[in-house]
Enquirer: 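Take a look at this one; I'll ask things after.
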Amino acid sequence: MFSSEIARIRKLGVQGLLFQALNLLTVISSGLMMWKALCLFTNSESPIVVVLSGSMEPAFYRGDILFLTNPADVPYEIGDITVYQIPGSKIPIVHRVIESHITNTTQLLLTKGDNNGGDDITLYNGMEWIERRHIIGKVRGFLPYVGYVTIAMNDFPQLKYALLGGVGLFMLVQGES
């Protein structure tokens with residue numbers, strides 16, 4: 001089954017394998033550089049996120065991919081859909097701003113999921129408001145359901161390793177034409 005691929009790997013030799021590994025590292029580093037450039041351009045630590053729950057239905061469903069920006073000088077307004085992260089929590093939350101107060105130094109926000117009964121004060125870990133520094137970004141666009149791939153890879157880690165291994169193997173055996 002894999003005998004022809006194994007023969008191709010042997011035919012490449014050490015120098016050919018090193019060349020293919022270098023190509024793989026170039027692709028990976030290019031992707032990381034593009035991600036960092038996107039972070040700088042959008043002023044967001046994570047300009048693309050996946051919706052993990054149904055708390056924002058019907059606006060966004062589980063598996064939707066959201067595109068974010070975080071303009072530094074523009075205050076958030078009531079009705080804006082934001083993604084925020086509370087210190088000590090690993091998972092960002094996508095919810096709508098329902099109250100906003102601007103002080104001399106910062107903006108204080110209260111949020112709520114469209115599909116939730118009450119506001120998010122219970123999610124704030126003892127804080128009454130979230131501050132601007134907790135905001136990852138404001139939703140500017142979305143792709144429906146495309147993020148289910150990410151959810152599946154997190155729910156089934158074996159799938160993630162199989163996919164990464166398959167891509168790595170493909171890159172190694174794919175020869176230059």
Enquirer: Over all heavy atoms of both residues, which pair between Pro92 and Val83 is shortest? Give the atoms and the distance, please.
Expert: CB-CG1, 3.7 Å

Enquirer: Is there a path of hydrophobic side-chain contacts, each under 4.5 Å between heavy atoms, that joins Met153 and Leu164?
Expert: no

Enquirer: So do the side chains of Val49 and Leu68 get within less than 4.5 Å of each other, counting heavy atoms only?
Expert: yes

Enquirer: Take atom CG of Leu22 as the centre, draw a 6.0 Å sphere, and report whether it contains more than 12 heavy atoms from other residues, nucleotides or ligands.
Expert: yes

Enquirer: Do Thr111 and Asp119 make a side-chain contact, defined as non-hydrogen atoms from C-beta onward lying under 4.5 Å apart?
Expert: no

Enquirer: For Ser53 and Tyr61, test the side chains for any donor-to-acceptor distance below 3.5 angstrom and give the result as yes or no.
Expert: no

Enquirer: Would you compute the distance between atom CZ of Phe142 and atom CZ of Phe60 and round it to the nearest 0.5 angstrom?
Expert: 6.0 Å

Enquirer: Taking all heavy atoms of Asn43 and all of Asn70, pick out the closest pair and write down the distance.
Expert: ND2-O, 2.7 Å

Enquirer: With a 4.5 Å cut-off on side-chain heavy atoms, are Val27 and Asn23 touching?
Expert: no

Enquirer: Between Leu123 and Ile93, which heavy-atom pair has the shortest distance, and what is it?
Expert: CD1-CD1, 4.0 Å

Enquirer: Indicate yes or no: at least one non-hydrogen side-chain atom of Val51 is less than 4.5 angstrom from one of Leu66.
Expert: yes

Enquirer: Identify the two heavy atoms, one from Gly118 and one from Lys112, that lie closest to each other, and give their separation to 0.1 Å.
Expert: O-CG, 3.3 Å

Enquirer: So, taking the atom named NE2 in His101 and the one named CG in Leu108, what distance separates them when rounded to the nearest 0.5 Å?
Expert: 7.5 Å

Enquirer: Can you tell me how far apart OG (Ser46) and CH2 (Trp35) are? Round to the nearest 0.5 Å.
Expert: 4.5 Å

Enquirer: Applying side-chain contact (heavy atoms from CB on, under 4.5 Å) between Pro47 and each of Leu40, Leu38, Thr69, report the one that passes.
Expert: Leu38

Enquirer: Under the 3.5 angstrom rule, does the side chain of Gln85 hit a backbone N or O of Ser89 as a donor-acceptor pair?
Expert: yes

Enquirer: To the nearest 0.5 Å, tell me how far His134 NE2 sits from Leu109 CG.
Expert: 10.5 Å

Enquirer: Give a yes-or-no answer on whether the side chains of Ser55 and Asn115 include a donor-acceptor pair shorter than 3.5 Å.
Expert: no

Enquirer: Say you draw a straight line from CD1 of Ile86 to CG of Asn125; how long is it, rounded to the nearest 0.5 Å?
Expert: 6.5 Å

Enquirer: Please answer: with hydrophobic residues joined when any side-chain heavy atoms are less than 4.5 Å apart, are Leu25 and Leu18 in the same cluster?
Expert: no

Enquirer: Between Leu110 and Tyr76, is there shared hydrophobic-cluster membership here, with clusters defined by ILVMFWY side-chain heavy atoms closer than 4.5 Å?
Expert: yes

Enquirer: Return the minimal non-hydrogen interatomic distance between Arg62 and Leu52, and the atom names on each side.
Expert: NH1-O, 2.7 Å

Enquirer: Any heavy-atom pair between the side chains of Tyr84 and Tyr124 that's under 4.5 Å?
Expert: yes

Enquirer: Do Asp80 and Arg96 sit within salt-bridge range, that is, some charged N less than 4.0 Å from a carboxylate O?
Expert: no

Enquirer: Examine Leu32 and Leu24 and state if one hydrophobic cluster contains both, with Ile, Leu, Val, Met, Phe, Trp and Tyr joined whenever side-chain heavy atoms are less than 4.5 Å apart.
Expert: yes

Enquirer: Going only through I, L, V, M, F, W and Y residues with side-chain contacts under 4.5 Å, is there a path from Ile98 to Met127?
Expert: yes

Enquirer: Between the side chains of Glu77 and Ser100, is a donor N or O closer than 3.5 angstrom to an acceptor N or O?
Expert: no

Enquirer: On a heavy-atom basis, which atom in Pro75 and which in Ile102 lie closest, and how many Å separate them?
Expert: CB-CD1, 4.1 Å

Enquirer: Heavy atoms, side chains only, cut-off 4.5 Å: are Tyr148 and Val50 in contact?
Expert: no

Enquirer: Does the side chain of Phe67 come within less than 4.5 Å of Leu143's, by heavy atoms?
Expert: yes

Enquirer: Are any of the side-chain nitrogens in Asp73 or Arg132 under 4.0 Å away from the carboxylate oxygens of its partner?
Expert: no

Enquirer: Rounded to the nearest 0.5 Å, what separation is found between the CD1 atom of Ile81 and the NZ atom of Lys138?
Expert: 10.0 Å

Enquirer: What residue among Ile121, Val97, Ile135, Asp120 forms side-chain contact (heavy atoms from CB on, under 4.5 Å) with Ile130?
Expert: Ile135

Enquirer: Side-chain contact test, heavy atoms from C-beta onward, threshold under 4.5 Å: evaluate it for Thr26 versus Ser30 and give yes or no.
Expert: yes

